[in-house]
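Down below is the structure, laid out as structure tokens.
Every value quoted in this text rests on a predicted model; they were computed, and no experiment measured them.
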Amino acid sequence: MRILKAVPDSILWLRSFNFETDEKFKEEAKKRDVNPNRIIVLPKMPTHADFLYCFKNADLFLDTEMYNAHSTALESLFCGVPLITCPGDSYASRVSSSMLHAFGLDEMICKTEDEYEKKAIELGLNTEKLNCLKAKTVSLMTQNNPLFDMKSYARDFEKLLRQIAPAKNS
């Protein structure tokens, strides 16, 4: 809500969980003096392609700290939408930072919640900087990018398995 307040023309898209939860988000916005109409809850899309199509209208993906977006974070990058994350202490809260590191956007990994908030606000208020970041995200979407190069990943994974597997007796 602090980010929404600091970036006046911004909106927050959320995937719908259920009607009760969706309404609670809007109630919390109202309690914090944020217009609840600035929170758009996306209904379940008919197809996955429809869901991915929504990313074309997004500028920045705000990841959650306690439990990262996982596959949705990957889809965001794949669609050219940069994401910002702040890794926590658990595996589930460090997935997006691993993806960003492999992808080449280390500058979007924040060490603290305060840094996360400041970066999101700065990008929300600075269209030129945000557009440069989006262009960089798109430019990193290549077949050679480690995050999407599955052949190299499989080769490296096989190599590691051979290194840790006990040698067979001949």
Side-chain angles (χ1 to χ4, degrees), residues 1-7 9-18 21-22 25-26 29 34 38-154:
M1 293 301 150
R2 290 188 305 268
I3 295 169
L4 283 171
K5 279 178 133 176
V7 185
D9 295 330
S10 63
I11 59 170
L12 177 66
W13 289 1
L14 299 170
R15 286 178 86 170
S16 180
F17 295 102
N18 62 53
T21 305
D22 300 345
F25 276 117
K26 292 187 178 218
V34 172
R38 292 176 59 203
I39 298 176
I40 298 173
V41 181
L42 294 174
K44 184 164 175 52
M45 296 289 152
T47 68
H48 192 67
D50 292 325
F51 170 70
L52 292 177
Y53 185 77
C54 292
F55 279 100
K56 82 177 201 96
N57 295 306
D59 290 316
L60 182 65
F61 187 104
L62 300 176
D63 196 23
T64 56
E65 185 177 347
M66 296 283 285
Y67 190 89
N68 289 173
H70 297 232
S71 59
T72 309
L74 187 64
E75 292 162 335
S76 176
L77 293 172
F78 181 76
C79 291
V81 178
L83 79 116
I84 182 172
T85 194
C86 183
D89 296 327
S90 68
Y91 164 78
S93 66
R94 292 190 306 269
V95 172
S96 293
S97 61
S98 294
M99 285 186 206
L100 285 168
H101 177 70
F103 190 69
L105 283 177
D106 287 295
E107 68 268 27
M108 299 306 290
I109 304 168
C110 300
K111 291 177 178 58
T112 65
E113 188 177 316
D114 188 52
E115 180 186 351
Y116 174 99
E117 186 176 325
K118 284 178 183 173
K119 187 177 292 276
I121 291 168
E122 176 187 11
L123 289 167
L125 295 174
N126 189 330
T127 307
E128 185 178 327
K129 196 168 199 169
L130 182 60
N131 287 338
C132 287
L133 178 63
K134 288 171 76 173
K136 179 178 180 181
T137 303
V138 170
S139 74
L140 289 169
M141 253 316 283
T142 66
Q143 287 182 325
N144 299 357
N145 189 292
L147 193 58
F148 297 101
D149 184 356
M150 292 298 106
K151 287 182 182 179
S152 292
Y153 175 84

* Asked: What are the two closest heavy atoms between Ile11 and Ile40, and how far apart are they?
  -> CD1-CD1, 3.5 Å
* Asked: Can you check whether Ala69's main-chain N or O pairs, donor with acceptor, with Asp63's side chain at less than 3.5 Å?
  -> yes
* Reported CG-to-SG distance for the pair Leu74 and Cys79, which is rounded to 0.5 angstrom -> 9.5 Å
* Neighbour count above 12 (heavy atom, 6.0 Å) for Met150 CE -> yes
* Between Ser93 (side chain) and Tyr67 (backbone), is there a donor-acceptor pair under 3.5 Å? -> no
* Is a salt bridge present between Glu65 and Arg94, judged by a nitrogen-to-oxygen distance below 4.0 Å? -> no
* For Ser10, does its backbone N or O pair with a side-chain atom of Arg38 as donor and acceptor, under 3.5 Å? -> yes
* Determine the interplanar angle of the Tyr91 and His70 rings, folded into 0 to 90°, and report it as parallel if under 30°, tilted if 30 to 60°, perpendicular if over 60°. => perpendicular
* Expected output: side-chain Glu115 to main-chain Lys111 donor-acceptor under 3.5 Å -> yes
* Ala6 to Leu125 - nearest heavy-atom pair and separation -> O-CD2, 3.5 Å
* **Nearest non-hydrogen partners of Val7 and Gly124, listed with the distance** => CG1-O, 3.5 Å
* Least distance between heavy atoms, Ser96 atom then Ala73 atom -> OG-CB, 3.6 Å
* Lys134 (side chain) donor-acceptor with Asp59 (main chain) under 3.5 angstrom -> no
* Asked: Around Asp9, counting heavy atoms of other residues, nucleotides and ligands shown, do more than 12 lie under 6.0 Å from its CG?
  -> no
* To do: Evaluate side chain to side chain contact (heavy atoms under 4.5 Å, CB included) for Met141 paired with Leu147, printing each intermediate quantity in order.
  => CA-CA 9 Å; Met141 253 316 283; Leu147 193 58; over 6 Å; no
* Structure fact -> d(Ser76 OG, Leu52 CG) to nearest 0.5 Å is 10.0 Å
* Any donor-acceptor pair under 3.5 Å linking the side chain of Asp50 with the backbone of Thr47? -> yes
* Could you state the interatomic distance from CD (Glu122) to CD1 (Ile84), rounded to the nearest 0.5 Å? -> 9.0 Å
* To do: With rounding to the nearest 0.5 Å, note down the distance linking NZ in Lys119 to CD1 in Ile109.
  => 10.0 Å
* Go through Leu77 and Leu105 one step at a time and tell me if the side chain to side chain contact (heavy atoms under 4.5 Å, CB included) criterion holds. => CA-CA 10 Å; Leu77 293 172; Leu105 283 177; 4.1 Å; yes
* Are the side chain of Asn68 and the backbone N or O of Val95 linked by a donor-acceptor pair below 3.5 Å? -> yes
* **Phe148, CZ atom: more than 12 neighbouring heavy atoms under 6.0 Å** => yes
* To do: Could you name each residue pair satisfying side chain to side chain donor-acceptor pair (under 3.5 Å) that touches residues 135-146, not counting sequence neighbours?
  => Glu107-Lys136
* Structure fact -> Scanning both residues in full, the closest heavy-atom pair of Gly104 with Leu140 reads O-CD1, 3.7 Å
* **Min side-chain heavy-atom separation Phe25-Val41 under 4.5 Å** => no
* To do: Test Asn57 against Trp13 for side chain to side chain contact (heavy atoms under 4.5 Å, CB included), laying out the working first.
  => CA-CA 10 Å; Asn57 295 306; Trp13 289 1; 3.3 Å; yes
* Asked: Say you draw a straight line from CD1 of Ile39 to CG of Leu4; how long is it, rounded to the nearest 0.5 Å?
  -> 6.0 Å
* Asked: Between Phe55 and Val81, what is the shortest heavy-atom contact and its length?
  -> O-CG2, 3.4 Å
* Nearest-0.5 Å distance, CG of residue Leu83 to CZ of residue Phe103 -> 9.5 Å
* **salt bridge (Lys or Arg N to Asp or Glu O under 4.0 Å) between Lys118 and Asp114, worked out** => CA-CA 6 Å; Lys118 284 178 183 173; Asp114 188 52; 3.1 Å; yes
* Derivation and outcome, side chain to side chain contact (heavy atoms under 4.5 Å, CB included), residues Met108 and Leu123 -> CA-CA 11 Å; Met108 299 306 290; Leu123 289 167; 3.7 Å; yes
* Plane angle bin for Phe51 and His48 - parallel if under 30°, tilted between 30 and 60°, otherwise perpendicular -> tilted
* To do: Give a yes or no on this: more than 12 heavy atoms of other residues, nucleotides or ligands lie within 6.0 Å of atom CG of Asp106.
  => yes
